Amino acid sequence: GTPDASGNETENNNTGEEVTIILQRDAGTITELSYTLRGSERLTFAYNSASAKWIYVPAPAYPLLTEHLDYMAAAISYIGVYRTMDTGDTGIYGFENPAVTIEVSYADGARYAFAIGNQNSMTGYHYFKDLNTGAVYTIDPALLPYFQVSLEDMFAYDSINADVEEEYITSLTWNMDGKTGTLESLSEDDRSRIYAAYQSLKPAACADWSGTDDAMASYGIGDNAVTVGYRRAVTSADESGRETG
């Protein structure tokens with residue numbers, strides 16, 4: 001078919017479900033995955049198959065939630081296309097400013113580079129370009145969302161211990177600006193307020209992930225601390241079956 005100025009095919013549209021596989025690799029053998037979303041900086045991640053761990057290459061200590069990367073690796077390692085487009089000038093397909101460009105390397109040295117361009121409003125498919133060969137295809141629109149993920153989306157936040165129960169809170173100790181105090185013999189209302197405050201400790205955004213002393217000091221984090229005392233009796237049975245606390 002011939003695309004018009006919007007990238008739509010004006011004739012011989014093919015919206016059938018016949019798929020041709022153009023790449024089928026073992027995602028577990030990826031060594032590096034990079035992608036650049038339109039208007040964003042390039043993000044590069046390395047994968048260690050022995051440890052099954054990803055790292056963010058510019059900052060390996062970055063706390064990385066790797067679920068998104070596992071999905072990306074699987075998606076880009078098995079690519080099925082619906083149609084091969086005519087060769088020639090493909091600017092109208094959206095590759096001058098693609099939605100995303102992707103580069104992936106494997107342990108055997110193979111390297112691939114792709115771009116996802118405009119969406120065809122008639123078929124719903126996206127234009128997809130092999131940047132190594134110049135070939136252009138149409139693909140399922142489901143591929144693009146795997147890569148519409150920012151670095152911030154992959155930040156692995158710490159989480160509080162979810163096993164804490166209100167009734168087993170025993171004390172509250174604080175050290176603020178050199179002053180120390182302890183609250184014991186807690187009333188039910190005391191435990192309720194402490195528990196509510198503890199449950200509210202859920203991060204909203206990352207201010208600094210480095211954990212350096214200088215960074216902590218810049219936010220006033222250091223000697224100041226609040227400690228919640230907690231004790232829960234554990235019951236176990238001896239050889240005779242008698243329970244002991």
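From a predicted model like this one, the values you see are computed outputs, not experimental measurements.
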Engineer: Does the separation of the ring centres of Phe114 and Phe128 fall below 6.0 angstrom?
Structural biologist: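 Ring centres of Phe128 and Phe114 closer than 6.0 Å.
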Engineer: Quick check for you: to the nearest 0.5 Å, what is the distance between Asn175 atom CG and Thr227 atom OG1?
Structural biologist: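 Rounded to the nearest 0.5 Å, the CG-OG1 separation comes to 8.5 Å.
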Engineer: Would you sort out whether Tyr112 and Arg25 count as a side chain to side chain contact (heavy atoms under 4.5 Å, CB included), showing the intermediate values?
Structural biologist: CA-CA 11 Å; Tyr112 302 89; Arg25 298 295 305 257; 3.2 Å; yes
Engineer: Any idea which heavy atoms bring Tyr56 and Glu41 closest together, and the distance?
Structural biologist: OH-OE2, 4.1 Å
Engineer: Taking the ring of Tyr157 and the ring of Phe155, is the distance between their centroids below 6.0 Å?
Structural biologist: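 Centroid distance Phe155-Tyr157: below 6.0 Å, so yes.
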Engineer: If I take atom CG from residue Asp108 and atom OG1 from residue Thr31, how far apart are they, to the nearest 0.5 angstrom?
Structural biologist: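 Rounded to the nearest 0.5 Å, the CG-OG1 separation comes to 9.0 Å.
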Engineer: Return the CD1 to CG distance between Ile55 and Leu64, rounded to the nearest 0.5 Å.
Structural biologist: 9.0 Å
Engineer: Flag the pair Tyr47 / Thr29 as yes when at least one side-chain heavy-atom distance between them is below 4.5 Å, and no otherwise.
Structural biologist: no
Engineer: I'd like to check Val104 versus Ile30 (side-chain heavy atoms, cut-off strictly below 4.5 Å). Are they in contact?
Structural biologist: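 Side-chain contact under 4.5 Å: yes.
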Engineer: Should we say atom CD of Glu67 is surrounded by more than 12 heavy atoms from elsewhere, each under 6.0 Å from it?
Structural biologist: no
Engineer: Do the non-hydrogen side-chain atoms of Thr44 and Glu32 ever get within less than 4.5 Å of each other?
Structural biologist: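 The answer is yes; the side chains approach within 4.5 Å.
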Engineer: Whether the side chain of Glu103 engages the backbone of Ser34 through a donor-acceptor N/O pair (distance < 3.5 Å, no angle test) should be reported.
Structural biologist: no
Engineer: Can you see which heavy atom on Gly124 is nearest to which on Gln119, and at what distance?
Structural biologist: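 Here Gly124 and Gln119 meet closest at O-NE2, 2.8 Å.
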Engineer: Is the cationic atom of Arg42 (NZ for Lys, CZ for Arg) positioned less than 6.0 Å from the six-membered ring centroid of Tyr35 and within 45 degrees of its normal?
Structural biologist: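 Judged by the rule (NZ or CZ under 6.0 Å from the ring centre, within 45° of its axis), Arg42 is not positioned above Tyr35.
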Engineer: Report yes or no: do Leu144 and Leu131 belong to one cluster of Ile/Leu/Val/Met/Phe/Trp/Tyr joined by side chain heavy-atom distances under 4.5 Å?
Structural biologist: no
Engineer: Specify the closest pair of heavy atoms between Thr101 and Ala115, including all atoms of both residues, with the distance to one decimal.
Structural biologist: CG2-CB, 4.0 Å
Engineer: Counting N and O atoms only, with roles assigned by atom type, does the side chain of Arg111 sit under 3.5 Å from a partner on the main chain of Tyr106, one being a donor and the other an acceptor?
Structural biologist: no
Engineer: Let me see the working for Gln148 and Leu37 under side chain to side chain contact (heavy atoms under 4.5 Å, CB included), right down to the final yes or no.
Structural biologist: CA-CA 7 Å; Gln148 291 178 315; Leu37 286 167; 4.2 Å; yes
Engineer: Give the C-alpha distance, both sets of side-chain angles, the deciding distance and a yes or no for side chain to side chain contact (heavy atoms under 4.5 Å, CB included) between Ile116 and Leu143.
Structural biologist: CA-CA 9 Å; Ile116 299 178; Leu143 181 61; 3.9 Å; yes
Engineer: Rounded to the nearest 0.5 Å, how far does CD1 of Ile139 lie from CZ of Arg83?
Structural biologist: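 It is 15.5 Å, given to the nearest 0.5 Å.
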Engineer: Is a donor on one side and an acceptor on the other found under 3.5 Å between the side chain of Ser192 and the backbone of Glu188?
Structural biologist: no
Engineer: Is there a side-chain contact between His126 and Asn120 in this structure, where contact means two heavy atoms from C-beta onward sitting under 4.5 Å apart?
Structural biologist: no
Engineer: For Asp153, is there any backbone N or O sitting under 3.5 Å from a side-chain donor or acceptor partner on Ser150?
Structural biologist: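 Yes: the side chain of Ser150 pairs with the backbone of Asp153.
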Engineer: CG of Leu69 to CE of Met154: how many Å apart, nearest 0.5 Å?
Structural biologist: 5.0 Å
Engineer: Which heavy atom of Ala75 sits nearest to which heavy atom of Tyr146, and what is that distance?
Structural biologist: CB-CD1, 3.7 Å
Engineer: Can a donor-acceptor pair be found, under 3.5 Å and without considering hydrogens, that links the side chain of Ser77 to the backbone of Asp26?
Structural biologist: no
Engineer: According to a 4.5 Å side-chain heavy-atom criterion applied to Ile, Leu, Val, Met, Phe, Trp and Tyr, with indirect links allowed, do Tyr78 and Tyr82 form part of one hydrophobic cluster?
Structural biologist: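 Both belong to a single hydrophobic cluster.
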Engineer: Give the C-alpha distance, both sets of side-chain angles, the deciding distance and a yes or no for side chain to side chain donor-acceptor pair (under 3.5 Å) between Trp54 and Asn48.
Structural biologist: CA-CA 6 Å; Trp54 291 92; Asn48 185 318; over 6 Å; no
Engineer: Provide the closest heavy-atom pair for Leu151 versus Leu43 in the form atom of the first, atom of the second, distance.
Structural biologist: N-CD1, 3.9 Å
Engineer: If you compare all heavy atoms of Leu33 against all heavy atoms of Ala73, which two are closest, and at what distance to 0.1 Å?
Structural biologist: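 Heavy atoms of Leu33 and Ala73 come nearest at CD2-N, 4.3 Å.
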Engineer: Between Ile79 and Tyr137, does the side chain to side chain contact (heavy atoms under 4.5 Å, CB included) criterion hold? Intermediate values first, please.
Structural biologist: CA-CA 11 Å; Ile79 301 174; Tyr137 310 93; over 6 Å; no
Engineer: So, taking the atom named OH in Tyr93 and the one named OH in Tyr127, what distance separates them when rounded to the nearest 0.5 Å?
Structural biologist: 6.0 Å
